[in-house]
Amino acid sequence: MGSLSPLEPLFTPLRLGAFSLQHRVIQAPCTRMRSTKESDGVFVPNDLNVQYYEQRASKGGLMLTEATPISRLAAGYPGVPGIFTQSQIAGWKKVTDAVHAKDAIILCQLWHVGRATTPGMLDGQGTVSSSDIPISGNALDGTEYASAPPRPMSVEEIKETVAEYAAASKRAIEAGFDGVEIHGGNGYLLDQFLHDNVNTRTDTYGGTIENRSRIILEIITAVTEAIGADRVGIRLSPYNYFQDTRDSNPQKHWGHLCSAIASLPDSSRPAYVHMVEPRFDEILDESAKINSLETTQEAVQPSLDGFRTALKKGGVAFIAAGNFKPDNAGEKITSDAADAVAFGRLFIGNPDLPKRLQQGWALNEYDRTTFYGASPPEKGYTDYSFYTASE
Ligand code: PHB
């Protein structure tokens, strides 16, 4: 037998809940801000978005959409398509049809940003969060977050939000998605409940990690009941700094959450948890993030391994994301540290990423300046080349 490529482990099949993956190169959720404005805060997937996802679809490959607002008041970001109007369902249906024609699997990532927006993007309504602590600095529209601090959600609003996640998951199925990924990371609403530097509540949704995990476990229960547990995943980022989250003890706190997820009854236990590596940060580069974790956080080496082990006890699969490259992705699978690896930036720049990794072909470089929109919108979106032998 010839020697195996270090990436060979990514090209074995994987059963993930209801889905039969033919490879383990997953398209990570990436905000691209190129959908069509229908009215203030309402953006609809268009033909260019269809082309973008279709280009990246591969047989038996799992794709996660960009973070997708579950309601008008869940984000308000320009160019970001939601899943709360009939027009958005119809737009997404074109995306899912195109992706399914190439035998790929696609999940809608369900998003609520909580305090990470401003009244100017929400028809003048105030932002909500677990507590009243604003993010420092300025929002996308240039206003200072502190000029309109978030309002802590009432228990009634929490219950309504849980129901909104379930309703959005049903709309995602109506739009042809194979399932959903609940966005519980990156400093957005659910992470604002999990992280103890943000959540200062004194009711049953704050204080202990049991309480801080409550909203996310209720959402998992509601969404799995709505569309079936084997069609649901969840993304978490215990070591996240983005949007001003810094937890005092990620190992202990997310360890508790993972054990709770692994112990859910069969009908509520999600197919997978998708976690962001400690070394990844939206703002700091890899070495700056590692240095910062070493100086400001736990004494133990930051790692996702304990979470993986806790989840495995309940048969919950594990996807790892964050700065994976051709030289370290295969090892993550062979060492059993994850079942699959998600790639964001490499998938942006390489529509045929799974094929390139499998064949050992060179990768295109990505252009960071066009990640969050460009003029024309095709630039840095649908104009990256597929591999040709002349490269
Ligand atoms: C972003 O729009 O910058 C963004 C969205 C979702 C994430 C991370 C970043 O999870």
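Both backbone and side-chain heavy atoms feed into the values below; hydrogens, waters and symmetry mates do not. Indexing begins at 1, ligand by ligand and atom by atom, following the structure's order.
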- Query: Once the angle between the rings of W361 and Y387 is folded into 0 to 90°, is it parallel (under 30°), tilted (30 to 60°) or perpendicular (over 60°)?
  - Reply: parallel

- Check the side chains of R24 and T12 for a donor-acceptor pair under 3.5 angstrom, ignoring hydrogens and angles. yes

- For ligand 1, which atoms have a heavy atom of E282 less than 4.0 angstrom away? 8 (C), 9 (C)

- Note on the structure: Within 4.0 Å of some non-hydrogen atom of F242, the atoms of ligand 1 are 8 (C), 9 (C)

- Message: Distance under 4.0 Å to a non-hydrogen atom of Y372: what atoms of ligand 1 satisfy this?
- Response: 3 (O)

- Side chain, backbone, both or neither: Y188 near ligand 1, heavy atoms under 4.0 Å: side chain

- Message: Could you check whether D97 pairs with K93 (Lys NZ or Arg NE/NH1/NH2 to Asp/Glu carboxylate O, under 4.0 Å)?
- Response: yes

- Query: Should the ring pair F11 and H23 be called parallel, tilted or perpendicular, given that the plane angle runs from 0 to 90° and is split at 30 and 60?
  - Reply: tilted

- For H183, take its heavy atoms, then give the atoms of ligand 1 lying under 4.0 Å from any of them. 6 (C), 7 (C), 10 (O)

- Query: Hey, looking at atom 2 (O) of ligand 1, which of T31, N186, D191 has the closest heavy atom?
  - Reply: T31

- Query: Between D244 and R115, does at least one N-O distance fall below 4.0 Å, as a salt bridge requires?
  - Reply: no

